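Below: the structure, in structure tokens.
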Amino acid sequence: MKIQLKINNIQFESEEEITVLEAAARLGMRIPALCYLKSLEPCTSCTVCIVKDKTDNRFFPSCATIICNGMDIDSESIEVMELRKTSLELLLSEHLGDCSGPCEASCRFDLNVPKVFDAIKNDATQTAISLLQRDLGLPFLVNSWCLATCENACRRKRVDRAVKIQKTIGEFLLNKIATSKNSEINSNIHADKKEVIRILITEPGIKSLALASFLAVNGFSVALPAFDKDRLPENGEDTLLMDIELLISSNVVFLEKLPTASEIKSDFEAVIAGREFDTMHDNLFLIKEAKQPETKKSILQGIKQAKDLCNILYKHFHNKSVYDYSDRFVSMSGYLDNGEIDLYLKTSEARNMREKSNACADAESDAISEIARCLQCNCHGFEDCRLRQYAAEYGAERSKFKKAVKQKYSIKTDSLPADISTSQVVTYEPGKCIRCGICVKITRKNSGQTGLCFINRGIQTQIDVPFGQSLSKGLGSCVHECVQGCPSGALEIE
Amino acid sequence: MDRMLLESYPFRILEGMLIVAIAAGIEQGFLYIRDEYREALDRINQALAVFYEKGLLGKNISGSGFSLELSIVRGAGAYVCGEETALIASIEGKRGTPSLKPPYPSESGYKNLPTLVNNVETFSLVPWIINNGGEKFSNIGSKTSRGTKTFALAGKIKNQGLIEIPMGTPLKQIIDDIGGGCDNGKKAKAVQTGGPSGGCIPYHMTDIPVDYEALISSGSFMGSGGLIVLDETDCMVDIAKYFLQFTRDESCGKCTFCRVGTVRMLEILERLVEGEGKSGDIERLENLGKMIKQGSMCGLGKAAPNPVLSSIRHFRNEYIDHINGTCTTKKCKALFVLQISDDCNGCTMCARVCPCDAISSTAYEKHTIDVDLCVKCESCINVCQENAVIKIDAPKKK
Ligand code: SF4
Ligand code: SF4
Ligand code: SF4
Ligand code: SF4
Ligand code: FES
């Protein structure tokens, strides 16, 4: 028999008894779900997937409700959206974590410092450079001129002194780039891209250079006039020259003379030009280069504007942002007291102990040991955190429902069983756990083992390992599956 | 009152279950009883032994070919295990958390078998109905709610205890006639019906009949059959906070709305009784309360905001007063201070009972209370013959 129903006023038919969530997905409608995994029977705990049946005004989780004949499902009215937003806000009111660390949060260029550190430490030079170029545009110049607000905010300061972020990154740039051949660095950056969008910049200033860099690292092919040597900023000549070297290795083309009007039309998908430039291109974007000699501050500002312009172009061609800083959601745990800082310290030491064995002990050991001082106090589940993504999507306010008493930070660390990995540790942060139950369900597969369990009830509910066993004992062979299934950054392997 | 039935009429309940089992073709049954109810457990155990001894339970009962095994499951006393799916989970030996319905237990319950779940009171009525006929039973009560219902009458009322009344009896009659009105000549203010997740009905509305429909339309429900009478000295905000504390503690912690939402609501109530309410708090409570009702999975969460929502509905003024730093009934400690009025005749009684020596007294002169030392135990109020110790609004917090 066919089941017939309506979802958001669109007719749906199916012979199978599938869930409302699945039916909506088949119609191309996405319903958010935190505690739901396709491979697992539903947990029905987060209530983020809530929908309404208009025939009887009932609300229910779509992830676990089977479709019925005659249903009239509403999953997009303001009422339903508000419920989802509120359930996210309630989860966030109990949430303790920093989506990004204080260093990134205070950096005007939003550089993800610990991520760069990771790349440097693991000898992933190419990744480190891409990260730096992606966020700083002209990494040599910005690194040497910025005010190191990151160090001012660094949490390590509370233990002894701030991590020397600026110096460490600066030395890395000098050592790695200045001493290696171009071909070694950026050769393979976008070699595999088939349809490259070609962009012409007509101005020869620093802002244009930065824009070229941002565009290049985000997959565009860029051409611009050769940089006018007279415009080299005072005290920044050396660094800027190195940035230009970097651009050349990123396949940015420096033109001896500007192409003709017809060449522009045929060879470029977009043109970025100053106000005076005369062209009739369909995709024409405006850039304003300073006429007067500039101050450090205004140059840095200009680079930031170039980044925004790059985002606009990216949005234009790809329909999504590549720098989502303005519309992204950030959880912040704020001030941590001494006991809490100690926990961070201990955890990062536990991680570093494991890493020491494979870290190289040569000339860079200085940088490496400085990097080892970083507490990595940002959230390590940032990239695939569904809580954060939905919070951004639904415009959830972090502090709409403020908890009366501030929560204490806590973390559990445990090394993985030797048969799974000898160099990794697993961490569990209760403050980031939404008590969804996915990990509890997954670990039931560990036959003969206790797995994880819930303890207490109500607001006191916690995830724990029965009988005081260790975390990795509880996770057992399901550890990777749990970490992957966890909708937030509560469970991580490093 | 289910406990009373278990303790006093165990045979009636077992008989009811037996009849129901025959009617529905059931072969296995459980009595899920809280472990604290020792007396109830003992009595049911004894009754079961008698049933088995007389061959009224077990295989091939009285040669009829019908078999039924009944046994007791002792519950750890979680309120949420009154929810049928949680109860079933608990019997299966799992954590007592509700699961989403559908599937209803009647399709897939205990060990995925069709399962019938009923209250003690329901089973206890079955033998009477079988003996006397359904018609006779449905002649009692109101049009839509038939038969009788047992209530636990409690609170500020003279005659407390269990009562069984025909459905449809006016609430007022229960309070004034059966209950004998409030203690100490105080006026009744409201009745909380349906236990901790029911709602309150103001006294002036108590001419409604007690049946399912009338209670629901006045913002409450029958629930567990509790009737708690509040008098004029009770603060509705404080009462709402008390009940919400209960549901917060009893939430199983599964759904976001119930687990976190009740706590956030409670925090608002806590700041109201502390005199730290903010404008907009009432609307915040209403909004969040409505969403918790919509977004929770089981009856506990769906009903948890009821005491708050119904008291806002009927006693909004008291909430507004709290935001303005006044407790209407001077119940909330943070919102009043004690003072001695000119009626004081200087008897020194109050000073003698004060546990903190907060009252300075010279005999035959008006006494004074040092508000910084006073812990508001109200011993002085109780002991003063002249009613000279009075509560006044606490100075407003900045
Ligand atoms: S778990 Fe998600 S929301 Fe929480 S800090 Fe990490 S990334 Fe941010
Ligand atoms: S400790 Fe590391 S992650 Fe934390 S603020 Fe400092 S540099 Fe950033
Ligand atoms: S740790 Fe487990 S319960 Fe907590 S959010 Fe992750 S998967 Fe869910
Ligand atoms: S509504 Fe509350 S008690 Fe009911 S299942 Fe959800 S969390 Fe548990
Ligand atoms: S309740 Fe459906 S995804 Fe969480």
Side-chain angles (χ1 to χ4, degrees), chain A residues 17 19-20 34-35 41-52 57-68 79-80 82-95 387 399-405 434-437 440 444 453-463, chain B residues 76-81 85-86 94-103 107-108 244-271 274 276 278 280 284-285 287-298 300-302 304:
Chain A
E17 296 199 325
T19 61
V20 173
L34 282 177
C35 69
E41 59 181 285
C43 302
T44 57
S45 58
C46 73
T47 54
V48 173
C49 67
I50 200 159
V51 294
K52 178 181 177 179
N57 285 334
R58 247 173 11 104
F59 293 85
F60 46 75
S62 58
C63 66
T65 306
I66 305 293
I67 51 170
C68 289
E79 193 182 20
V80 172
E82 274 299 312
L83 271 169
R84 287 191 190 144
K85 181 167 162 229
T86 305
S87 71
L88 289 165
E89 285 167 340
L90 287 172
L91 287 174
L92 292 170
S93 73
E94 289 287 315
H95 201 73
L387 176 63
S399 321
K400 171 86 167 281
F401 301 101
K402 230 185 169 138
K403 201 175 159 73
V405 197
I434 61 164
R435 319 295 192 253
C436 72
V440 176
R444 287 209 187 126
C453 68
F454 285 109
I455 56 165
N456 301 336
R457 68 174 176 227
I459 195 72
Q460 317 280 9
T461 306
Q462 297 272 352
I463 303 292
Chain B
Y79 182 70
V80 72
C81 286
T85 55
K94 297 185 189 143
R95 191 175 152 85
T97 54
S99 47
L100 187 73
K101 293 184 279 191
E107 295 165 46
S108 166
L244 195 62
Q245 257 164 356
F246 176 84
T247 37
R248 172 206 57 185
D249 291 342
E250 293 295 336
S251 159
C252 82
K254 188 172 163 186
C255 335
T256 306
F257 276 102
C258 171
R259 180 184 73 236
V260 189
T262 52
V263 179
R264 295 291 97 87
M265 270 181 93
L266 189 63
E267 284 169 354
I268 299 180
L269 290 174
E270 272 163 0
R271 66 179 187 239
E274 285 299 322
E276 280 155 13
K278 302 180 188 144
R284 258 173 230 128
L285 285 171
N287 275 335
L288 191 50
K290 189 175 137 220
M291 294 206 204
I292 293 174
K293 284 173 82 100
Q294 292 169 335
S296 294
M297 225 71 79
C298 86
L300 189 148
K302 284 193 187 302

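In what follows, every chain begins at residue 1, and chains take the letters A, B, ... in the order their sequences are listed. All values derive from a computational prediction rather than experimental measurement.
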(Q) Please identify, among B/Arg271, B/Glu267, B/Arg264, the residue contributing the most non-hydrogen atom pairs under 4.5 Å to chain A. (A) B/Arg264
Q: List the atom of B/Glu250, the atom of B/Tyr79, and the distance in Å for their closest heavy-atom pair.
A: OE1-N, 3.0 Å
Q) How far does CD1 of B/Ile292 sit from NZ of B/Lys302, to the nearest 0.5 angstrom? A) 11.5 Å
**Q.** Residue selection (most heavy-atom pairs with chain B, distance under 4.5 Å) from A/Leu83, A/Thr461, A/Ile50
**A.** A/Leu83
Q: Pick one of side chain, backbone, both or neither for B/Met297, based on which atoms fall under 4.5 Å of a heavy atom in chain A.
A: side chain
(Q) Holding to salt bridge (charged side-chain N to carboxylate O under 4.0 Å, His left out), I want the full list of residues that pass it with B/Arg248, two or more places apart in sequence or in another chain. (A) none
Q: Please look at A/Leu88 and chain B and tell me whether the side chain, the backbone, both or neither of the residue comes under 4.5 angstrom of a heavy atom of that chain.
A: neither
Q. Do the non-hydrogen side-chain atoms of B/Glu270 and B/Gln245 ever get within less than 4.5 Å of each other?
A. yes
(Q) Any side-chain to backbone donor/acceptor pair from A/Lys52 onto A/Val80? Under 3.5 Å, distance only. (A) no
Q: Please report the C-alpha distance between A/Glu94 and B/Arg259 in whole Å, then the side-chain angles of each, then the deciding distance to 0.1 Å, and finally whether the side-chain contact (heavy atoms from CB on, under 4.5 Å) criterion is met.
A: CA-CA 10 Å; A/Glu94 289 287 315; B/Arg259 180 184 73 236; over 6 Å; no
Q | Contacts with chain B made by residues 60-67 of chain A (heavy-atom distance under 4.5 Å), listed by residue number | A | A/Pro61, A/Ala64, A/Thr65
Q) A/Ile463 versus A/Phe454: any side-chain heavy-atom pair under 4.5 Å? A) yes
Q.
Show, in sequence, the C-alpha distance, side-chain angles and deciding distance for A/Val51 and A/Arg84, and conclude whether the side-chain contact (heavy atoms from CB on, under 4.5 Å) test is met.
A. CA-CA 9 Å; A/Val51 294; A/Arg84 287 191 190 144; 3.7 Å; yes
Q) Under 3.5 Å, is there a donor-acceptor pair linking the side chains of A/Ser93 and A/Lys400? A) no
**Q.** Leading residue by heavy atom contact count with chain A [cutoff under 4.5 Å; candidates B/Cys252, B/Gly261, B/Cys258, B/Cys255]
**A.** B/Cys252
Q: Check whether any side-chain N or O of A/Arg457 sits under 3.5 Å from a backbone N or O of B/Asp249 as a donor-acceptor pair, and report yes or no.
A: yes
(Q) So for A/Asn456, is it side chain, backbone, both, or neither that comes closer than 4.5 Å to the heavy atoms of chain B? (A) backbone
Q. Given side chains that start at C-beta, do those of A/Gln462 and A/Ile455 come closer than 4.5 Å, heavy atoms only?
A. yes
Q: Please state whether the side chain, the backbone, both or neither of B/Leu288 comes within less than 4.5 Å of a heavy atom of chain A.
A: side chain
Q. With a 4.5 angstrom heavy-atom cut-off, which part of A/Leu91 approaches chain B: side chain, backbone, both or neither?
A. both
(Q) Please identify, among B/Pro103, B/Gly295, B/Ser296, the residue contributing the most non-hydrogen atom pairs under 4.5 Å to chain A. (A) B/Gly295
**Q.** Segment of A/Cys43 engaging chain B (4.5 angstrom heavy-atom cut-off)
**A.** backbone
Q: Below 4.5 Å from any heavy atom of chain B, which atoms of A/Glu79 appear? Answer side chain, backbone, both or neither.
A: side chain
Q. For the candidates A/Pro42, A/Gly458, A/Gly437, which exhibits the highest count of non-hydrogen atom pairs separated by less than 4.5 Å from chain B?
A. A/Gly458
Q | CD-CG distance between A/Glu82 and B/Asn287, expressed to the nearest 0.5 angstrom | A | 8.5 Å
